[in-house]
Every structure is written in structure tokens, then in C-alpha cells.
Amino acid sequence: MLGHANALVKLAATLALTFFGLLLVTFLIGRVVPIDPVLAAVGDRASAAVYERARIEMGLDLPLWQQFLIYVQKVLTGDFGQSVLTAQPVLSDIARVFPATLELATVATFLGVLFGVPMGVIAAVHQGRWPDQVIRLLGLIGYSVPIFWLGLVALLVFYAKLQIVPGPGRLDIFYDDLVPWVTGVLLIDAALARNWIVWQNALSHLVLPSAILGYFSLAYISRMTRSLMLEQLRQEYILTARVKGLSETRVIWRHALGNTAVPLITVIALSYANLLEGSVLTEIIFAWPGLGFYITNSLLSADMNAVLGGTIVVGSVFIAINLLSDVLYRTLDPRAR
Amino acid sequence: MRHLTLTLLLGAALVSIAPADRSLAATPPDAFVQAMTIDDIISLDPAEIFEFSGAEYGAQVYDRLITYPVDDVEDIQGHVAESWEISEDGKTYVFQIRDGITFHSGNPLTAEDVAFSLRRVVELDMSPAFILTQFGFSADNVEEKIRATGPLEVTIEVDQAYAPTFFLYCLTAGVGSVVDKELVMANEVDGDLGYAWLKTNSAGSGPFSLRAWRPNESLTLDSNPDYWKGAPAMTRVITRHIAEAATQQLLLEQGDIDVARNLGPDQVAALEGNADIEVKAVPKGALYYLGLNQKNEYLAKPEVRQALKYLVPYQELADTVLKGAAEVHQAFLPKGFLGALEETPFSLDVERAKELLAEAGLPDGFSVTMDVRSISPVTEMAQAIQAVWAEAGIELELIPGDGAQTLTKYRARNHDIYIGRWGPDYQDPHTNADTFARNPDNSDDAQSKPLAWRNAWDIPEMTAMADAAVLERDAAERAAMYIEIQKLHQETSPFVIMFQDIETIAERTNVEGTIWGPSFDDNRYWQITKN
Amino acid sequence: MGARDWLLTDTPGSPTQAQFGRAYQGWLQLADNRLAMLGLFIVVVLLFVAAFAPWLATHSPTAQVLSDRLQPPSAAHWLGTDELGRDIYSRIVHGSRLTLYIVGLVVIIVGPVGLAVGTIAGYLGGWVDVVLMRITDVFLAFPRLILALAFVAALGPGIENAIIAIAITAWPPYARMARAETLTIRKADYIAAARIQGAGPVRIIGRHVVPMCLSSVIVRLTLDMAGIILTAAGLGFLGLGAQPPLPEWGAMISTGRQYLLNQWWVATMPGLAIFIVSLGFNLLGDGLRDVLDPRQAR
């Protein structure tokens, strides 16, 4: 038990250090960008007096270490500063855009698990034969397609030509602002408002981008499921179960798959964390106003407060999910103790 | 296998919930929906708005003191001001304010609101403030220079006897917007004159009021049913930020939007023959030019500057990459401005350029860099120029970057060549003369940094000529002065002015009554109707 | 005795023969995997195309003919022309060099850096280990693409800077891997023997530890190559990678994007090129892993 507490303290120290490193690196990046942040704030045609005033307001006349201290202090109190681009506090910007990313990543992971796990199981059962090869090839294709290109082509085919899915964005434009903002996740907000037209519209907008992201998480999940299953299928208890006369379906789907549940959760959590950040290009292609879209846009406009805030939030979520899956693994799996 | 079948069925069900037939999509009859790049908006305060999309927003929400019809910019008319008089010495303007206008808040619009709005611009001193402060106003004296001299009378004193059109045109710009003093001051924080609040809210009297602004996403306006010139037919206007021209085209074809604002020539060509869509070409005042930094030893040679003016495939670009989106124009005043010079003496002539380079002592050419914004059609133009220069022996390296990045370099005079787009700030010729042909102080720490300064072009004589033109009160004489400056500029300046912008706007044919003018604050939605 | 028999003999006469024999057996196993062979074929074609690009291309990759812009695929332009009338086929052929250049340089940077950090941390242990691994953790905690984006923004766009940015985000997993392997090797007898003979840490790491970690690093690098290509293309797509007029595939998709609706080939062709090449690397890497790391496959 003492070892456990010790491990936790160590973990906390690691976390704190990692977080500090995150802050330092983001801050340094922000200061070496060859973009004048004052210019980004006041615009091209501002007079010299306006420019100088803004520079001092932004604290850019102070020495670098002082700027960093102020920065850390502010971040710790939850103040990421104002976004130049949106004239809003960065934190409220992130609160506004994060649900969009969350919604997309969740649906995509759902699809990835829905298809990826059974595919992995089938591949393992038919190891080396054609179902295995087909599934393996499908997975490798998923690893090989440039996601932004796939998104473009999918939009061209399914929206422009076949007209079976709606275009970019989270909603058709005139459904904007029709349901009150509660969680920011449109499927939930629309359901709460009992506005099923908006709900259906939001869902239809999710189909294409989440299918594409889902494909990528499927590629990862099916491959990991396959190797986890192969490990289980070699175990003796499987043989015992078969000898006992249990049906093959039961042996595979209940016993073998059941025993891979713990590591599988870690795999799914990792793929979820990857989607939260990996959706940058997809969000750009689908004009999806999420966190990746926000960070990229801010970056291209030298809105460093927003970039740093966004990166810190993504990094923290990343750390948190990794930590969570780690803890889950430790608690659920007796061997890891 | 049963499980896989089940999974597939579930997946299929999920996909099939999406409406199958989307070809019937149409926007609601009482809403106007447009796709446009609006990521340039950084503020919604008329004292700070200085970007294209922001200017267009301001024009829908705020009424200005005076205005002009978009088809005849020389016909300056009253708007909030019913009439005005100018004193004998040309320094005092007295405006009579129209009675009976109310703000969205219900407050009546009075002379005090007008004076407050103008003074507020000067006191806040944000980017566009120079449009007013160039007439001698400052935070210290503006209280006495701009006053409400009656419930419906405003008196303004300027410091010199300028050409009256100069001052009046400046008041037609966004800084001439009238804000609701009572509402703005109710939201004042720490003496900021409501600046923090108005950045994201509206306090106007125009045909629309702000409903929601989500930066880089959308801008939504509600109609003002009590607008003094009549309620708009559209109860809502939604502008969605769509960066890609191809996506805008797609949305327009599918009927998801009524108007696409940023189509390129290739998208326009693809829309030809579509009976549901009408494409309008609106000449804009913006110019595409190359700025040649005079700190570069090669570019400082007059023959090199001249040679480069023969090394742009003007007509080829206008016929292909820029087809319908720009026309060849080679002087700093755009067509439509008083005194604009429409002659185009330069065309692509590699041999002539080579001779000039030889005269400059550079028969084998030289190497030079160009900072390029990574947006269409600027990138394409730069690459076409790069290919032509190679023929003349000039090795051009393109340094792409986003807007803020290239501008940072440009303003620090660290570039060799900058390929830029410049839009006039107001309708008077001085706006462009001021930046292309004036450079009062060429030192590195100069107070004002016009384009001539950014390219380190030291021109005391031309500056004096431009200063004289501002004070000429006879319009014909003034126009002649600008023609003279432009001719000299065309021959000697380090600016290779190439094209004048044409905005192409694609509308679905059931939309009527849109007004698109030469600058973005001339665009109006309030008369739009739909069949 | 034929070469085949010499290689497959059960009683090799020398360590060299045994080593060659093992390699040959691996090759036979790889050759048996049709997908891996397809991957190898694609990679070989890529190398061939890159080596002979000037002879294989039908046009100059940068020659513009404005009057021939956006032409569909035809006999004159096999894959059509782009927005400045350049031949897309020739651009893709020349672009293969850029792709190899990027992948090659990233690999050259990432391999040694990851190895160095990992082996040093693993071998020396103590506070060196703690510091190096904390740094590694910080980089691992970052979202990779966003970090690369931020670095390119800081360094300025360009192909070299894109390479540096990708390398900065790609080395941490190698460091982790090398460290883990070093920890198992560190206790080995022959390391102890070397230490007793008076070898310093530099010598031990360089001569004994690094070679042991090399093979797993190489396998991992092969598997990562597709990912590197995709990241580079993503940076190019965002305008942060190779700069015009260089025919980088991702940048070509980016400019082709605005013509997608009316001139589909401009964006589709380079996309297919990226897809085929990264699929090739993935198939090959997957096959290699089966051979070299049997635990994963079976």
C-alpha cells in the first residue's frame, strides 16, 4: 500500500514537471515566432502611438523572464489572456470550440470501436487467411491515406456529386443559433430543446467527418484488437473451454474478447486522445469550428495567447487521458499491481 | 459472424438517418445567407473597424453623417445630416441633423450623439482615427473643435482650408458612424468610452442590429423593424465564414446559401450556364502592386525599377489567373476616383527590360526575394512573375507567409520586394496619394509609415505636390494636379502597380435588391428581397 | 554446393555465414508475404522514379503555360495541368525527390537523436535519466501536429524547417524505446566485462549498447516513414512545408483544393501519389515487423 502512495506522489511530481515544461515550450515558441503580436492586435494601418500603447499593454516591453513569470502566474489562475482574433478571453473561446471537437472525436471513436473491435476479432480468428489479409490491408490503407485528401474527395463525391450528405460545418447555416447553448455538444443541446430537426441536421453533418476520423481509429483499434486476441487464443483456458464443448462463438466473443477488455480500454483511450488532437486537418477541411481549427487559425494570425491556451488545454487533456487509462489499467488488471 | 452483421446493420442505420435527398435545400424566405471570408474582423466598434468585412458590417448597423450613392460617388448626400454649410474661410462646417431617427435601443438620435461619436473616434485614437485627426483634431482640442451647437446642429472646425470634398469624403468613412451615446456610456468601464463593450456589441440606428458574432465562424444580424427609411424585408442576415472558394461554390450550387462572395475566376467560369445563379462584377478600389525596397542596392537603381515594370505579364494574367477578377491598372489612383490616371504605358517586354538592366550595369541580372501572402490569387501572380523574371536573368525567390508575417517584415522594411494589395480608406484621392506619394520623414523611427516609407523612397518634392493638392478647392484643378503626380509616380516610383480589383459576387437569381459598391462599406443589404 | 544451400545450411561454418543465413531466411519469409512484396515493389519504383526523374518527366516541373492551365488528363499531359499550366505528371515525378529528401533527413535526425538520448539515459541512470526522460515526456505530452505547426510558425515556412519540426516531434518514442532496451542490456555480462576492462561510458554506449538497439530502431523507422510522409504533406497542405514553385505533393493538394469541384485531377493526382507511396512503406514495414519481431505477429 505504501508503494502505491509513493507511486502516486511520483506521478504527481511527473505531472507537475510535464505541465511546467508544456508552459515553457509554448511560451518560448510564442516569443520566437517572426510575427509581430502587436501588429496582429492593432492592424496594419495603426499609427505609431497606437502601436506603442498596445505593445506596453501586452507587456511586451518587459524582459523575457518577467513575461514568463507573469504568464505562468496567469495560467495558474485560469487566465489565458485575451484572444486578439476574437477579442474574447481565450478560456471562453476554448469553452466555445472544445465541445465541437469533443462531439466529433466521440462519435468517431464510437464508430471506430463499433467496427474495429469485431474486425480485429475476426482477423485473429482467421489468422493468415483471406479475412485477416483483407482486414489488415484495410487497416494499412487507413494508415496511408492523407486524411485531408480523403476528406476533400469524400466531400466531392458524397456532397457535391451524390448529394447524400450535407456540406461543411456543424449545421446548415440557417439552423445556427436555433437551440439554446447548454453543453455545446449539438446532439445533446438539440435533444434537450426537443428540436429534432436541428438534431437530425447536426447528426447528418457529423456523418462524413466522423466516418473519416472513425476509419483512422478503426485502423488502430482493429490492429490492436487482433494482436490482443491472438495472445488470448493461445492461452490454455481457451483449449479447456473448447474441450468442455462450449460453442465457438461463446469461446471467442465471451471468453477471449472478455479477457482483452482491460488492455483494450487503454487502446481505445489512446486512440480517443489522438483523435482529440488529430482532428486538426479534418476540422479544417470540414470547416468544423473545433479546437484544432481554432488553434491553426490563431497560429496563422499570430494570435499567440490563443495558440498557447489551446495547446496547453490539448496537452492537459492528453496527459489526463493517458493518466486515466494508466490508472484504469492498474486498478483493473491484477497482473499490473 | 452474427455480430458483424449486427454491427454493419447498426452502422447502416446511423448513416441512413441523414436526409437522403439534399437537392431540395433552400434558405428560408425571410433570411439572407451569404458565404464570405470574415476572418479579418477584429472589432465591431466603428471607431476601430478598419478591415473589409468589418467595414461592411458597420455599414449595415450604423448610420453615417453623410453618404453617396454607389453608382455616382461624386454626388455627396446627407444621411443623418440633412444639410450643411461651409464658412467663407473654408474652416468651419455646420451640419443640420435629421429629426426623428431613433437608435435600436429606442433612444432618439441627437446632435450630441453625432458630436460624441466623432470625438470618441479621436479620443480612442484607434487605427482609423487618422481619417479624422488629419484635420487637426486631437484628444486635447476635440471638445471645442467638434460640438453640438443645438439639439440638431453640429459645428466642426478644421485646421486648414482643405478641399471641401476631402473633408466630406472622410466623413462618409466608417469613422463617421453615429453611435448611441446613452447606451455606449452605460457600458463604460474605467473611462474606456464603452470601447470594450462595443467591440462585440452594437449601438446603432441602421437597418440591422447585431445578433451574434462568432469570430471566424459567423456574423448574424437581426433587422430593425423601425428603421427610419423603412423596415428591411429580410428579418435576419447570416454571414458564414467559408475560407475556400470551392466550398462557397458548392454551397451556392446546392442552395445552402444565397450569395457567395469570394469566388475565383475558375469557380465563376464553372457557374456559367447555371440558370439559378447570376454573377455580378463590381469594380473595387483595391490595387495589386509590387513594392520595391529602396534599401536594396539593385532595386534602388532607376533603370532596374523601370525594367521590372516591363517584366509583369499584365495582360496574360488578366486573361487567365485574374480573369474577371482584376483589370490592368498602373497608377496609384483607382478608376472611379477624382483625377485617376487610366493610361497603361507598361506591358510585358523582356527585351526592353534586358536593355534597361544592361544600362543599370546588371546585364546578367541579380537575385532578389519577394514576400508573398499565401492566398489566391497572390501566390499565382507571384509565381507567374517569377517565371518571367527568370527569362530576364533575375532570380526571384518567393518567401510565402501569412498576412501578419509578411506585414511584420514589410513594416520593418526588411523585405526586398513585397507583393501587396492596397484598398483606399475613403473616397477622396488623398487617401492613396497620402500613402503612395507622400513620405514626410524617411528615417527609421518616423511617426507615420506610409507605403512610400515602407519602401524607403525619399521624395520631398512629391510630398510637397501631394500636400498642395489637398488644399486645392477647385475640383478640376485638383484633378489635374493628381494626374501630374501620378504620371511622375508611374515613371519613377518603386511601385509596380499592376491591377485594380474587381469583386465577383455570385447570387442565386431569386435574390433581388443587393447593393454592391466600390468599397465594402458601400455594400447594403437592407433592400434585399427574395422571390 | 550452391549459394542457396550455403545460406540454408544447418551447420554454418562461420558466424558470417550464420548471419547471412538468418538474413536469407528472413528474406524468404518476407518474400512469401505478397502484401510486403507489393510494398517493396512500390518503394523500389519510388526510388527509381526519384533517381531518374529528369528522364521520366515529360515536361519541366516549373514551366508555366498560362494558356494551357487546368487542362484535363490527355495524351499531351498524362495527368492534366495545374492552375499555372504546369504538367502535373512531371511535377509528381519530380516531387518524389522531395518526398525522399524529407523522409531521409527526418530519419537521419531522429534515429541518432532518439538513440543517443535513450541510451545515455538508460545507461547512466540517476538524475541524467530523470532529466532526459522528463524532457522526453514533455514532448510526448504535446499534440504532435500542433507542436510541429507551432515550430514551423516559429522557424518560418520552408522544407528544411518542416523537416526540423517533424524531427523535433518524432524523436521521443525512439528515446523511450532505446532506453527500455538499454535497461535490459545494461545488466548483461559482457557490458560488465567491458567495464572491468576499463572502458568508459562513451565507449560502452557507442560500441556495445547502441548496436544492440539498432535493429528495433530501424524497424520502427521503416514503420514510421509513412507517418513522416503524411505529416510532411499535412504541413505542405497548410502552406508551411515546401514552398512554391517546388512540386511538393501536399502543397499541390493545397492549391488544387480550390479547383476540386471543377478540375478534380489537380488535387486528386498528388493525393493518390502520397497514398500509394505511404501504403508501400506501410506494407513493407508491416512485413518486416512480422519477420523481425515475431512476437507481435503471431
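Residue numbers start from 1 in every chain, and the chains themselves are labelled A, B, ... in the order their sequence lines are given, proteins ahead of strands. Side chains included, hydrogens not; waters and symmetry mates left out as well; all remaining heavy atoms used.
Of the two parts of C:L272, the backbone and the side chain both hold a non-hydrogen atom closer than 4.5 Å to a non-hydrogen atom of chain A. Both the backbone and the side chain of A:Y143 come within contact range of chain C, with heavy atoms under 4.5 Å apart. Neither the backbone nor the side chain of C:I229 comes within contact range of chain A, judged by heavy atoms closer than 4.5 Å. Only the side chain of A:I295 has a heavy atom closer than 4.5 Å to any heavy atom of chain C. Neither the backbone nor the side chain of A:L150 comes within contact range of chain C; no heavy atoms are under 4.5 Å apart.
Taking both residues in full, the closest heavy atoms of A:S144 and C:L230 are given as O-CD2, 3.6 Å, listed atom of the first, atom of the second, then distance. Scanning all heavy atoms of the two residues, the minimum distance from A:R136 to C:D286 falls at NH1-OD2, 2.8 Å. Between A:L152 and C:R257, the shortest heavy-atom distance links the atoms CD2-CG, 3.8 Å.
Under the 3.5 Å distance criterion, the side-chain polar atoms of A:W149 are left unmatched by any main-chain donor or acceptor of C:I253.
Rounding to the nearest 0.5 angstrom, the gap separating the CD1 atom in A:I141 from the CG atom in C:N282 is 10.5 Å. Separating the CG atom in C:L260 from the CG atom in A:L156 is a distance of 4.5 Å, to the nearest 0.5 Å.
Judged as a side-chain hydrogen bond (donor to acceptor under 3.5 Å, both in side chains), and not counting sequence neighbours, the contacts of C:R179 are C:D129. Every residue meeting the ring pair (Phe, Tyr, Trp, His ring centres under 6.0 Å) condition with C:W171, not counting sequence neighbours, appears here in chain and number order: C:F139.
By number of non-hydrogen pairs under 4.5 angstrom with chain C, the leading residue of A:I312, A:I285, A:L233 is A:I285.
At least one side-chain heavy atom of A:P146 sits under 4.5 Å from a side-chain heavy atom of C:F275.
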